[in-house]
**Student:** 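Structure incoming, see below.
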Amino acid sequence: MSSPQGRFTEGAAAVNGRTFVKAHAWGKHLFHDYGPAGVVHVHLGLYGTFTELPVPMGLPIGQVRMRIEGAEFGTDLRGATACELIDAPQVDAILARLGPDPLRPRSDPAPAFERIAKSRRPIGALLMDQKVMSGVGNVYRSEVLFRQRIDPYREGGRLDPEQLVALWGELVDRMRVGLRIGKIVIVDPEHDRGDPSYAPDRPRTYVYRRAGAPCRVCGTPILTAEMDARNLFWCPSCQIR
DNA sequence: GGCTTATGCGCAG
DNA sequence: TGCGCCTAAGCCA
């Protein structure tokens with residue numbers, strides 16, 4: 001591992017030349033374990049990216065914050081909002097403020113259900129709150145609420161227990177598909193199976209970024225509004241308040 | 001080539 | 001509540 005330029009170099013210097021042992025993720029947080037040297041905490045934020053390159057990787061292009069080089073391939077990290085060396089207690093502190101992650105095996109949604117059930121905040125905001133549950137982003141919040149026919153403005157406490165179970169199940173299913181194929185596809189994701197190049201421009205979402213376009217189910221124009229400083233999308237006809 | 005937008009979040013005020 | 005981060009993709013010309 002190396003830390004070529006600017007920002008984050010101080011912390012990362014401590015693991016310069018160290019061997020990357022393993023990685024794990026909780027919600028949107030990624031942890032790279034370097035054994036006794038510590039843990040590198042990465043959060044991609046809005047525009048962080050890892051790009052993969054064959055070895056030899058050549059000189060870094062642009063503002064590369066962290067480079068990991070393997071035997072055959074390596075990665076360059078750019079644009080992340082966090083890339084810092086932390087110790088075990090700091091890892092625990094981050095995990096302590098995160099709710100259950102639908103992508104983690106054997107994740108227990110009960111604490112999330114409890115928080116939602118007693119909240120008067122809209123479900124569209126609760127799904128984005130990392131303390132309630134972690135990993136759900138702005139695309140999935142709009143899409144799973146459409147799939148479950150729940151209006152994003154409905155108060156959390158006004159969801160039935162069965163709806164909470166169904167909503168969680170929907171998140172698990174959809175996010176697993178996203179993980180497997182490497183992109184968010186809600187509309188007929190099985191088309192991607194075995195052929196990532198299949199119909200690259202076919203529809204991927206029901207409502208996300210489709211403001212004004214007809215609902216794929218009922219034809220009603222999709223609405224958009226800001227909720228918690230993020231763009232929200234929904235069908236006023238399919239989704240019940 | 002330029003402009004806009006964004007799968008997110010911490011912090012100032 | 002609004003800004004800053006500062007990359008990449010999509011869209012237009």
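Naming: A, B, ... by sequence-line order, numbering from 1 per chain. The shown structure was predicted, so the numbers you read here are calculated from the model rather than taken from an experiment.
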**Student:** Is there a side-chain polar atom (N or O) of A:T49 under 4.0 Å from OP1 or OP2 of C:dA8?
**Tutor:**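 For C:dA8, OP1 or OP2 has a side-chain N or O of A:T49 closer than 4.0 Å.
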
**Student:** Between the main-chain N or O of A:G135 and the side-chain N or O of A:Q130, is there a donor-acceptor pair closer than 3.5 Å?
**Tutor:**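 At least one qualifying donor-acceptor pair exists.
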
**Student:** Whole angstrom is fine here: how far is it from CG in A:L44 over to P in B:dG10?
**Tutor:**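 To the nearest whole Å, that distance equals 14 Å.
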
**Student:** Should A:R230 be listed as having a side-chain N or O under 4.0 Å from OP1 or OP2 of B:dA6?
**Tutor:**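 Result: no.
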
**Student:** Would you kindly give the NZ-to-C1' distance between A:K28 and B:dT7, to the nearest whole Å?
**Tutor:**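 The answer, rounded to whole Å, is 6 Å.
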
**Student:** Whole angstroms only, please: what is the CG-P distance between A:L232 and B:dA6?
**Tutor:**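 Result: 13 Å.
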
**Student:** Considering residues at least two apart in sequence or located in another chain, which fulfil the salt bridge (Lys or Arg N to Asp or Glu O under 4.0 Å) criterion with A:R147?
**Tutor:**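 A:R147 satisfies salt bridge (Lys or Arg N to Asp or Glu O under 4.0 Å) with A:E170 only.
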
**Student:** Please give, in whole Å, the distance from C:dG10 P to A:Y208 OH?
**Tutor:**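 About 13 Å, once rounded to whole Å.
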
**Student:** What is the separation between atom CZ on A:R141 and atom P on B:dG8, rounded to the nearest whole Å?
**Tutor:**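 Atom CZ in A:R141 sits about 9 Å away from atom P in B:dG8.
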
**Student:** Between protein and nucleotides 1-5 of chain B, what N or O pairs are separated by less than 3.5 Å?
**Tutor:**
| residue | atom | partner | partner atom | Å |
| --- | --- | --- | --- | --- |
| B:dT5 | O3' | A:R209 | NH1 | 3.4 |

**Student:** Please measure how far the P atom in C:dC11 lies from the corresponding atom in B:dT7, and state the result in whole Å.
**Tutor:**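 Those two atoms are separated by 15 Å.
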
**Student:** Please tell me which of A:R78 and A:E226 maps to the more 5' nucleotide of DNA chain C, matching each residue to the nucleotide holding its nearest heavy atom.
**Tutor:**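 So the residue in question is A:E226.
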
**Student:** Could you tabulate the donor-acceptor pairs under 3.5 Å formed by side-chain atoms of residues 99-117 of chain A, not counting sequence neighbours?
**Tutor:**
| residue | atom | partner | partner atom | Å |
| --- | --- | --- | --- | --- |
| A:D101 | OD1 | A:L103 | N | 2.8 |
| A:D101 | OD2 | A:G27 | N | 2.8 |
| A:R104 | NH1 | A:A25 | O | 2.7 |
| A:S107 | OG | A:D101 | N | 3.3 |
| A:S107 | OG | A:D101 | O | 3.0 |
| A:D108 | OD1 | A:A110 | N | 3.0 |

**Student:** To the nearest Å, give me how far apart CG (A:L30) and C1' (B:dG8) are.
**Tutor:**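 Checked: the CG to C1' distance equals 15 Å.
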
**Student:** Return the set of residues passing side-chain hydrogen bond (donor to acceptor under 3.5 Å, both in side chains) with A:T220 (not counting sequence neighbours), or none when no residue passes.
**Tutor:**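 Listed in chain order: nothing, the list is empty.
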
**Student:** For the side chain of A:Q130, counting heavy atoms from C-beta on, which of C:dA8, B:dT7, B:dC9 is nearest?
**Tutor:**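 Of C:dA8, B:dT7, B:dC9, B:dC9 is nearest to the side chain of A:Q130.
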
**Student:** From C-beta outward on A:R97, which listed nucleotide comes closest to its side chain: B:dG10, C:dC6, B:dA6?
**Tutor:**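 Side chain of A:R97 sits closest to B:dG10.
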
**Student:** Give the nucleotide from the list C:dT7, B:dC9, B:dA6 with an atom nearest to the side chain of A:L46.
**Tutor:**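 Looking only at heavy atoms from C-beta outward on A:L46, the closest nucleotide is B:dA6.
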
**Student:** Using a cut-off of less than 4.0 Å, is there contact between a side-chain N or O of A:H43 and OP1 or OP2 of B:dC9?
**Tutor:**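 Yes, such a contact exists.
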
**Student:** Within a strict 4.5 Å, meaning less than it, do heavy atoms of the A:K28 and A:S134 side chains meet?
**Tutor:**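 With C-beta onward as the side chain, the pair stays apart.
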
**Student:** Between A:N138 (CG) and B:dA6 (P), how many Å, whole number?
**Tutor:**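 These atoms are roughly 9 Å apart.
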
**Student:** Among residues at least two apart in sequence or on other chains, which ones pass salt bridge (Lys or Arg N to Asp or Glu O under 4.0 Å) with A:R120?
**Tutor:**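 In terms of salt bridge (Lys or Arg N to Asp or Glu O under 4.0 Å), with neighbours along the sequence ignored, A:R120 is linked to A:E155.
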
**Student:** Between A:W234 and A:Y153, does a ring pair (Phe, Tyr, Trp, His ring centres under 6.0 Å) hold up when you go through it step by step?
**Tutor:** CA-CA 10 Å; A:W234 77 102; A:Y153 288 91; 5.4 Å; yes

**Student:** Give the rounded distance in Å between these two atoms: CG of A:L77 and P of C:dA8.
**Tutor:**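 Roughly 10 Å, once rounded to whole Å.
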
**Student:** Which residues pass the ring pair (Phe, Tyr, Trp, His ring centres under 6.0 Å) test with A:F73, not counting sequence neighbours?
**Tutor:**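 A:F73: no ring pair (Phe, Tyr, Trp, His ring centres under 6.0 Å) contacts found.
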
**Student:** Identify, between A:A229 and A:T51, the residue whose nearest nucleotide on DNA chain C lies closer to the 5' end.
**Tutor:**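 Nearest nucleotide further toward 5': that of A:A229.
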
**Student:** Determine the interatomic distance between P on C:dA13 and the same-named atom on B:dT5; round to the nearest Å.
**Tutor:**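 Per the computed distance, 15 Å lies between those P atoms.
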
